[in-house]
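Everything on this sheet refers to the single structure shown next.
Below, each value reflects all heavy atoms present in this structure, side chains not excepted, and no hydrogens, waters or symmetry copies. None of the values given here were measured: they were computed from a predicted structure.
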Amino acid sequence: MRGMPPLKALRVFEACIRLGTFTAAARELNVGQPAISHQIQALEKDLGLTLFERNGGVINPTAEALAYHARIASALTDIAMATRSLRERASGPSLTLGTYPGLAMFWLMPKLANLRSSDSELSVRVVTAERDEHISLDSVDCAILFGDGRWNGMEARMLIPEVVVPVAAPSIAAKLASLSREDIFGQGPLIHLEDPERRWFNWDDWKSHRARNATVASAGINVSNHGIAIHEALMGHGVTLGWRGVIDDLVSNGLLVEMDDEPLTSERGYYLVGPGDFIKSRLGTELLTALTAEVSLVSPK
């Protein structure tokens with residue numbers, strides 16, 4: 001054991017190799033990039049060799065670094081799994097899950113309630129943030145994130161494919177029932193989601209696919225997350241884009257009405273994302289079962 005390098009430095013090194021950049025490792029470990037560089041330098045000093053080649057702003061792992069990572073990665077996974085097992089034995093099973101506010105409010109919480117009803121000793125903590133970079137995968141057991149299914153160093157399981165349709169409260173839907181798609185787009189009122197990175201479908205996408213002859217969109221309301229958009233629609237303040245899977249209960253209970261029978265679809269969706277040792281664990285399997293129960297998945301087209 002006296003020959004072991006600093007474990008903190010090993011943890012940083014593993015994240016740098018797995019995620020591909022110092023910046024991504026700093027984000028996952030919730031530290032500044034200088035701290036990452038310091039730990040890598042400490043490990044290089046301890047080992048007596050260079051692990052990353054620095055060329056201006058580009059940092060690439062050396063052959064020695066890749067070979068070293070291949071040897072230690074499984075050992076670090078074993079440490080994580082053994083630690084998780086002991087923690088559960090000492091304090092009872094626990095789950096910390098990160099996701100977006102709207103998804104937590106309108107879709108996740110009832111499913112977690114069902115999970116806890118089958119395991120009354122399970123302690124569940126949900127943390128939310130509007131942007132992925134504010135959900136540290138290093139500080140949660142898993143997360144439900146939107147994307148294409150590819151997260152560096154993580155495993156992902158599809159939960160909800162991207163199938164999007166305009167929805168409104170029954171009173172608004174009745175008023176707009178006789179209007180064309182172009183008139184709905186122009187008169188609204190529309191509820192717009194602020195999404196500078198254009199990750200999700202928005203009203204411009206709906207126009208280009210479903211209302212090509214429309215001109216100027218209804219100004220309507222601008223909100224910062226899906227949860228607020230759905231709430232505004234429920235209050236009768238306008239039409240928003242809703243993700244099937246998330247809004248299913250609201251539609252089936254008559255609280256929202258789908259305004260179009262031709263949804264927008266893509267290859268993206270909401271995924272359960274986490275380390276392989278968690279996704280494949282007993283708790284990970286039970287969580288995936290709870291999250292996919294009674295969810296009708298629609299194949300993208």
In short, Ile279 meets Val273 closest at the heavy-atom pair CD1-C, 4.4 Å
Leu250 vs Phe106 side-chain heavy atoms within contact, under 4.5 Å:
yes
When you look at Ile40 and Cys16, which way does the side-chain contact (heavy atoms from CB on, under 4.5 Å) test go after all the steps?
CA-CA 9 Å; Ile40 293 299; Cys16 289; 4.2 Å; yes
Heavy-atom donor-acceptor pair, Asn225 side chain to Glu130 backbone, under 3.5 Å:
no
Does Phe185 offer a backbone N or O that forms a donor-acceptor pair with the side chain of Trp206 under 3.5 Å?
no
Would you say that Pro6 contacts Asp46 through its side chain, given a criterion of any heavy-atom pair below 4.5 Å between the two side chains?
yes
Over all heavy atoms of both residues, which pair between Pro170 and Gly254 is shortest? Give the atoms and the distance, please.
CG-O, 3.2 Å
Are any of the side-chain nitrogens in Arg54 or Glu44 under 4.0 Å away from the carboxylate oxygens of its partner?
yes
Show, in sequence, the C-alpha distance, side-chain angles and deciding distance for Trp243 and Phe146, and conclude whether the side-chain contact (heavy atoms from CB on, under 4.5 Å) test is met.
CA-CA 12 Å; Trp243 271 246; Phe146 183 82; 4.0 Å; yes
Using a 4.5 Å cut-off on heavy atoms from C-beta on, say whether the side chain of Ile59 contacts that of Thr21.
no
Between Ser136 (side chain) and Asn30 (backbone), is there a donor-acceptor pair under 3.5 Å?
no
Honestly curious: do Leu190 and Ile228 fall in one hydrophobic cluster under the side-chain, below-4.5 Å linking rule?
no
Heavy-atom nearest pair, Phe278 first then Ser281, reads O-OG, 2.6 Å
Do Ile230 and Val246 come within less than 4.5 Å of each other through their side chains, counting heavy atoms only?
yes
Quick one, Arg181 with Glu262, criterion salt bridge (charged side-chain N to carboxylate O under 4.0 Å, His left out). Give me CA distance, side-chain angles, the key distance, then yes/no.
CA-CA 11 Å; Arg181 289 168 169 170; Glu262 226 183 327; 3.0 Å; yes
For the side chain of Asp148 and the backbone of Arg150, is there at least one donor-acceptor N/O pair under 3.5 Å apart?
yes
Is the closest side-chain heavy-atom distance between Leu29 and Arg11 below 4.5 Å?
yes
To the nearest 0.5 Å, atom CG of Leu145 lies from atom CH2 of Trp151 at 5.5 Å
Assess whether a salt bridge exists between Lys207 and Glu182, defined as any Lys/Arg side-chain N lying under 4.0 Å from an Asp/Glu carboxylate O.
no
Please work out whether the ring planes of Phe52 and Phe13 are parallel, tilted or perpendicular, with thresholds of 30° and 60°.
perpendicular
4.5 Å side-chain heavy-atom contact, Val165 and Ile247:
yes
Can you check whether Pro189 reaches Val239 side chain to side chain, under 4.5 Å on heavy atoms?
no
Would you say the ring centroid of Tyr100 lies under 6.0 angstrom from that of Trp200?
yes
Are Val223 and Leu234 in one and the same hydrophobic cluster, where Ile, Leu, Val, Met, Phe, Trp and Tyr link if side-chain heavy atoms are under 4.5 Å apart?
no
Taking the side chain as every heavy atom from C-beta outward, state whether Pro275 and Met154 have any pair of such atoms under 4.5 Å apart.
yes
As a quick check of understanding, evaluate side-chain contact (heavy atoms from CB on, under 4.5 Å) for Leu159 and Trp107, giving each step before the final call.
CA-CA 11 Å; Leu159 297 175; Trp107 182 82; 4.0 Å; yes
Output for pair (Ser208 OG, Leu264 CG), nearest 0.5 Å, gives 7.5 Å
Do you know which two heavy atoms are closest between Asn152 and Leu19, and how far apart they sit?
ND2-O, 3.2 Å
Hydrophobic clusters here meaning ILVMFWY residues chained together by side-chain heavy-atom distances under 4.5 Å, can you tell me if Leu43 and Leu7 are in one?
yes
Between Glu258 and Arg244, is the closest basic N to carboxylate O distance under 4.0 Å?
yes
Go through the steps for Val251 and Val257 under the test side-chain contact (heavy atoms from CB on, under 4.5 Å), then give the verdict.
CA-CA 6 Å; Val251 172; Val257 176; over 6 Å; no
Without swapping roles, check the side chain of Asn60 against the backbone of Glu53 for a donor-acceptor pair under 3.5 Å.
no
Might you point out which heavy atoms bring Cys142 and Leu95 nearest each other, and give the distance in Å?
SG-CD1, 4.1 Å
Taking the six-membered ring of Phe22 (Phe, Tyr or Trp), confirm whether the NZ or CZ of Arg27 is under 6.0 Å from its centre and within 45° of its axis.
no
Atom NZ in Lys111, atom OG1 in Thr289: separation rounded to 0.5 Å?
11.5 Å
According to a 4.5 Å side-chain heavy-atom criterion applied to Ile, Leu, Val, Met, Phe, Trp and Tyr, with indirect links allowed, do Leu193 and Tyr270 form part of one hydrophobic cluster?
no
Nearest atoms (heavy-atom pairs only) where Arg199 meets Arg268:
O-NH1, 2.8 Å
Distance, nearest 0.5 Å, that separates CD1 of Ile135 from OG1 of Thr99
6.0 Å
Ser180 side, atom OG; Gln187 side, atom CD - distance, nearest 0.5 Å:
8.0 Å
Could you see if Leu103 belongs to whatever hydrophobic cluster contains Leu241? Use Ile, Leu, Val, Met, Phe, Trp, Tyr and a side-chain cutoff under 4.5 Å.
yes
Within a radius of less than 6.0 Å around NE2 of His237, do more than 12 heavy atoms belonging to other residues, nucleotides or ligands occur?
yes
Under the side chain to side chain donor-acceptor pair (under 3.5 Å) criterion, do Thr23 and Gln33 qualify, and how do the steps go?
CA-CA 6 Å; Thr23 300; Gln33 189 164 326; 2.8 Å; yes
CG on Leu291 to CG on Leu97, rounded to 0.5 Å:
7.5 Å
Between Arg210 and Asp205, is there a salt bridge with N-O shorter than 4.0 Å?
no
